[in-house]
> 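Here it is, the structure in full.
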Amino acid sequence: MILDCAGKPLDLTHPQVMGILNVTPDSFSDGGEFIAADAALAQAKRMVADGAGIIDVGGESTRPGAKVVSVEEEIARVVPVIQAIHSELDIPISIDTSKPEVMRAAIKAGAGMINDVRALQVSGAMQAAVDCDVPICLMHSQGTPQTMQDAPQYDDVVADVIAFLLERKNACEQAGIARDKLILDPGFGFGKRATHNLLLMKHLSNLIALDLPVLVGVSRKSMIGKLLKVTVEERLAASLSLAAISVWQGAKIIRSHDVRETVQAIMMCDHVMKVKNID
Ligand code: 8Y4
């Protein structure tokens, strides 16, 4: 199955790595609010050389406790970077946003997928997604990024997350978005305790069974830090292990900071999964 991301193909017959490109003032800035598009483009080029299948551009930090960013500020951060990647590189771009105005501006600038951690629940986002007519990743989250890690609670985390994603999938179909444009994501770390994340990983095949492509984002996340007591710089091996466990169960897209290593890990998984007996 090949996803059409505004004219650029994303081949999901193999698992793919989505390279993370944060364009917030703590990356690529001169210390002020100005984002250096050329530096962001250089990182995108490196990710393409390392085997990324898509690049996820985000201008709003979704870290717990992060500041709220205005529509104007978010557009000013992401649009020049998307334009530069779109004109220089032959790779699909996803826009990591929940704001309808940012979705529209990003798609106009050359993005070919919407990655929404709020699953199109913001007012106007569903209609923006309908109008943009690109693939959409619907992610589960409990609470807002500001409060989500305070006290996450579930009856049955796996069943609750699947029920939420089915409800959002149905809302998309009702709004006129074809099922074959949808990608589902359990939202590791978004309003989940370590045990909730582990249960979602153990039972990821239950989400895969819905028969839509599944995206997993575990790269360097704090669940690894909490369980292994390692700093953010020391989380690569654990991130690769979780990527492999995800792909083994059928995940199709792995969102990662470490593209080269993640491509190697998931290619090995794919080889094992597809090997045929000799003779
Ligand atoms: C260190 C490492 C510090 C990671 C913070 C983080 C997902 C996502 C994010 C995800 C989808 C993050 C935008 C959180 N995570 N989109 N976005 N799925 N679809 N934190 O899991 O990487 S941002």
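Atoms within each ligand, like the ligands themselves, are counted from 1 in listed order. The residues of the chain are indexed from 1 along the displayed sequence.
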> Taking atom CZ of Arg193 and atom OH of Tyr154, what is their separation to the nearest 0.5 Å?
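Arg193 CZ to Tyr154 OH: 10.5 Å, rounded to 0.5 Å.
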
> Measure the CG-CG distance between Leu165 and Asp185 for me, rounded to the nearest 0.5 Å.
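Those atoms lie 8.0 Å apart.
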
> Kindly confirm or rule out an N or O of Asp96 lying under 3.5 angstrom from an N or O of ligand 1.
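Asp96 vs ligand 1: no N/O contact under 3.5 Å.
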
> Looking at ligand 1, does any of its N/O atoms fall within less than 3.5 Å of an N/O of Asp185?
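Indeed, backbone or side chain, Asp185 has an N or O that close.
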
> Output the distance between atom CE (Met223) and atom NE2 (His196), rounded to the nearest 0.5 Å.
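So the gap between those two atoms works out to 12.0 Å.
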
> Going by distance alone, is a donor N or O of one side chain under 3.5 Å from an acceptor N or O of the other, for Asn22 and Thr24?
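On atom types as modelled, these side chains do not qualify, holding no pair under 3.5 Å.
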
> Heavy-atom distances under 4.0 Å are what count here, so tell me which part of Leu215 touches ligand 1: side chain, backbone, both or neither.
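The answer is the side chain.
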
> Considering distance alone, does some N or O of Arg255 sit under 3.5 Å from an N or O of ligand 1?
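Yes; at least one N/O pair falls below 3.5 Å.
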
> Checking contacts here: is it the side chain or the backbone of Ser219 that comes within 4.0 Å of ligand 1, counting heavy atoms only? Could be both or neither.
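Under 4.0 Å from ligand 1, Ser219 contributes backbone atoms alone.
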
> Fit a plane to each ring of His140 and Phe164, take the angle between them on a 0 to 90° scale, and name the class: parallel (under 30°), tilted (30 to 60°) or perpendicular (over 60°).
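Perpendicular, since the angle between the ring planes exceeds 60°.
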
> Please list, in number order, the atoms of ligand 1 under 4.0 Å from a heavy atom of Arg220.
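Within the 4.0 Å cut-off of Arg220, ligand 1 contributes 1 (C), 2 (C).
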
> Going through the distances and angles, do Lys221 and Asn197 end up as a side-chain contact (heavy atoms from CB on, under 4.5 Å)?
CA-CA 11 Å; Lys221 278 188 179 172; Asn197 291 311; over 6 Å; no

> In terms of atom number and element, which parts of ligand 1 are under 4.0 angstrom from non-hydrogen atoms of Cys137?
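Counting atoms of ligand 1 from 1, those under 4.0 Å from Cys137 are 19 (N).
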
> Between His257 and ligand 1, does any nitrogen or oxygen pair lie at a separation below 3.5 Å?
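No.
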
> Please list, in number order, the atoms of ligand 1 under 4.0 Å from a heavy atom of Val117.
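In order of number, 8 (C), 13 (C), 16 (N), 17 (N).
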
> Check the side chains of Gln174 and Asn170 for a donor-acceptor pair under 3.5 angstrom, ignoring hydrogens and angles.
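The answer is no; no qualifying pair exists.
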
> Report, in ascending order of atom number, the atoms of ligand 1 lying under 4.0 Å from any heavy atom of Phe190.
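Taking each heavy atom of Phe190 in turn, ligand 1 has 7 (C), 9 (C), 14 (C), 15 (N), 23 (S) under 4.0 Å.
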
